[in-house]
Enquirer: 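Can you read through this structure? Questions will come right after.
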Amino acid sequence: VSGLARYFEKAVYETGNLKLNKGDDNFGITFACLDLKNPEKIKYRYRILGYHNDWIETDHLHRQVNIAGLNPDTYTFEVQSTDIFGDWNNTLNVQIRIPPHFHQTAAFSVSIVLLCLAIIVLFVIINNRQIRIKENQKQQYLKLESIRGQMNPHFIFNSLNSINYFIANHDRLAANRYISNFSKLIRSFLSNMSQEYIGLSDEIASLEDYLKLEFLRFGDKFNYTISFDQIQSPETWEVFPGMVQPFVENAIWHGVRGLQDRKGLINVIFFERGGIHCIITDDGVGRQLASKSVHYQEKKKSRGIGLIRERMQLINHLENKNYAIIIEDMYSDREECGTKIQIGIPSRMKQKQ
C-alpha cells in the first residue's frame, strides 16, 4: 500500500474487512483460487463497488489488481472465480475503508462554507458601517461648513455697529478710515473662512487687522499685543481659521470696554506645544461683572463663542482629537478679575508641494 507494508492481525479473506491509513489511495490486491491441479482452467472477475461497478475478467496469470486515486470512503471489493467447468460459483467480498484527513471530511467542507458565509456577512456589516460612518462624516462636514458660514455675519454685524457709531458722531474721517480697513478685513475673513486650513501667518495677520480696526473705535479703552515668538517656524504651520478672533472680540466688547477709570490691556500669545495653542488675556471687568452690564444683556444672544465651541466639538469628532477651550479668571482676588482663555487650535504642518 503506497509503497509501505501493512500488517494485520488476521488475513483479509478471513475478516472480510480492510482498513487502510489516511491518505492510502494507491494499493494492490492479489487473489487466487486454491486449485493447484488445474489452475489454467480457472477464470476470475472482480469489481470495486462504489468505484467501478462493472466486472473485469482476467485469468490465472493476471491475479493482481493495482488501485490508485481512490477518495476517502468505504468500498466493496468483490472477486469471483469459476470451477474447472466455467461456472461462477466462488465469491469473496472485502470491505475496504480509507479514512479521510480532516480537510477531506464533510465537517471541514461545512466549516469552510460557514466560514466563507461569515466572512461575507462580516464584510457586508463592516461595509455598511463604513458607509454609515462616511455619511455621518459628510453630515458633520456640512454642519461645520454651515457654522463657518455663520461666523461672518456675526462679525459683520458688530463692525456695522462701529461704522454707525462714527457716522452718528459726525466723524467722517474716522468712518471713512474704518470702512476702508473694514473692507480689507472682510475680504481677508471671507477668503480665510472659505478654507479648511490657512497659514498661521495669515491667521495672525487677519487678527492684527481686526485689532487695528477695533482700536480705531475703542483706542481709549485698551492697548494690545500679539506675540508668536515661542513658535520656531510659523511659516510651516497651518491652522483652522477664525478660532481666536471671537474670543478677542469678546475681550474687547465685554472685558476692557466696561472699564471706567483705567485703560485695559489685551495680550494674544501663540505658542507651540505639539500643535498650535493660543492664550488670550485681558485685565477687564471679568465675566461676573460683564454679565451684569446692560450692554452684555443686549448682546447675550450673540453666538460667536458658541459657534467656536460647536466647531471644536465637530473637529474633535471628525479628526479624533481632543482640542479644548479653557476660560478662567485672571485674578481671583480682584473684583475686576479679568479673563484668561486657552485655546488648542486645530493645526497641522504644511504639506509639501
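Quantities reported herein were computed from a predicted structural model and do not represent experimental measurements. Each residue takes its place number in the sequence, starting with 1.
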Enquirer: Quick one: closest heavy-atom pair of Ala68 and Tyr51, and the distance?
Expert: O-OH, 3.7 Å
Enquirer: Can you give me the closest heavy-atom contact between Arg348 and Trp237, atom names plus distance?
Expert: O-CE3, 3.4 Å
Enquirer: Enumerate donor-acceptor pairs with a distance under 3.5 Å from any side-chain N or O in residues 84-95 to protein atoms, sequence neighbours excluded.
Expert:
{"residue": "Asn89", "atom": "ND2", "partner": "Asp83", "partner atom": "OD2", "Å": "2.9"}
{"residue": "Asn90", "atom": "ND2", "partner": "Ser81", "partner atom": "OG", "Å": "3.3"}
{"residue": "Thr91", "atom": "OG1", "partner": "Gln80", "partner atom": "NE2", "Å": "3.2"}

Enquirer: Which heavy atom of Ile98 sits nearest a heavy atom of Asn21, and at what distance?
Expert: CG2-O, 4.2 Å
Enquirer: Using modelled atom types only, decide if a donor and an acceptor are shared between the side chain of Thr225 and the backbone of Asn267 within a distance under 3.5 Å.
Expert: no
Enquirer: So do the side chains of Leu20 and Phe27 get within less than 4.5 Å of each other, counting heavy atoms only?
Expert: yes
Enquirer: For Gly28, does its backbone N or O pair with a side-chain atom of Asn66 as donor and acceptor, under 3.5 Å?
Expert: no
Enquirer: Within the side chain of Asn53, is there an N or O that forms a donor-acceptor pair under 3.5 Å with the backbone of Gly50?
Expert: yes
Enquirer: Supply the atom-to-atom distance Leu216 CG to Ile179 CD1, rounded to the nearest 0.5 angstrom.
Expert: 11.5 Å
Enquirer: Between Asp220 and Lys263, does any side-chain N to carboxylate O distance fall below 4.0 Å?
Expert: no
Enquirer: Do you know which two heavy atoms are closest between His277 and Gly275, and how far apart they sit?
Expert: CD2-O, 3.5 Å
Enquirer: Calculate, to the nearest 0.5 Å, the distance between atoms OG1 and CE belonging to Thr281 and Met330 respectively.
Expert: 4.5 Å
Enquirer: Got a donor-acceptor contact below 3.5 angstrom from the Ser291 side chain to the Gln288 backbone?
Expert: yes
Enquirer: Using a 3.5 Å distance criterion without hydrogens, assess whether the side chain of Glu235 forms a donor-acceptor pair with backbone atoms of Ser201.
Expert: no
Enquirer: Starting from the C-alpha separation in whole Å, work towards a yes-or-no answer on side-chain contact (heavy atoms from CB on, under 4.5 Å) for Phe270 and Gln230.
Expert: CA-CA 7 Å; Phe270 291 89; Gln230 299 181 46; over 6 Å; no
Enquirer: Give a yes or no on whether a salt bridge exists between Glu238 and Lys350, defined as a side-chain N under 4.0 angstrom from a carboxylate O.
Expert: no
Enquirer: Are Phe215 and Phe222 an aromatic pair, judged by ring center distance below 6.0 Å?
Expert: yes
Enquirer: State whether the side chain of Ser183 and the backbone N or O of Ser180 hold a donor-acceptor pair below 3.5 Å, judged by distance alone.
Expert: yes
Enquirer: Can you list the steps and then say if Arg262 with Glu336 is a salt bridge (Lys or Arg N to Asp or Glu O under 4.0 Å)?
Expert: CA-CA 11 Å; Arg262 63 184 177 87; Glu336 294 180 341; 3.1 Å; yes
Enquirer: Checking the side chain of Ser347 only, and the main-chain atoms of Ile276 only, is there a donor and an acceptor separated by less than 3.5 Å?
Expert: yes
Enquirer: Can you confirm whether Glu335 is buried at CD, in the sense that more than 12 heavy atoms of other residues, nucleotides or ligands lie under 6.0 Å from that atom?
Expert: no
Enquirer: Just by modelled atom types, is the Tyr331 backbone N or O under 3.5 Å from a matching donor or acceptor in the Asp329 side chain?
Expert: no
Enquirer: Can you tell me if Arg45 uses its side chain to pair, donor with acceptor, with the backbone of Trp55 under 3.5 Å?
Expert: no
Enquirer: For a quick test of reading the model, state the closest non-hydrogen atom pair linking Lys184 to Asp209 and the distance between them.
Expert: CE-OD2, 3.8 Å
Enquirer: Report yes or no: does Asp59 contribute a side-chain atom to a donor-acceptor pair with the main-chain N or O of His62 at less than 3.5 Å?
Expert: yes
Enquirer: Scan the side chains in residues 99-126 for donor-acceptor partners under 3.5 Å anywhere in the protein, sequence neighbours excluded, and list what turns up.
Expert:
{"residue": "Gln104", "atom": "OE1", "partner": "His101", "partner atom": "N", "Å": "2.8"}
{"residue": "Thr105", "atom": "OG1", "partner": "Phe102", "partner atom": "O", "Å": "2.7"}
{"residue": "Thr105", "atom": "OG1", "partner": "Phe108", "partner atom": "N", "Å": "3.1"}
{"residue": "Ser109", "atom": "OG", "partner": "Thr105", "partner atom": "O", "Å": "3.3"}
{"residue": "Ser111", "atom": "OG", "partner": "Ala107", "partner atom": "O", "Å": "2.7"}

Enquirer: Please say whether more than 12 non-hydrogen atoms of neighbouring residues, nucleotides or ligands are located less than 6.0 Å from CG in Asn127.
Expert: yes
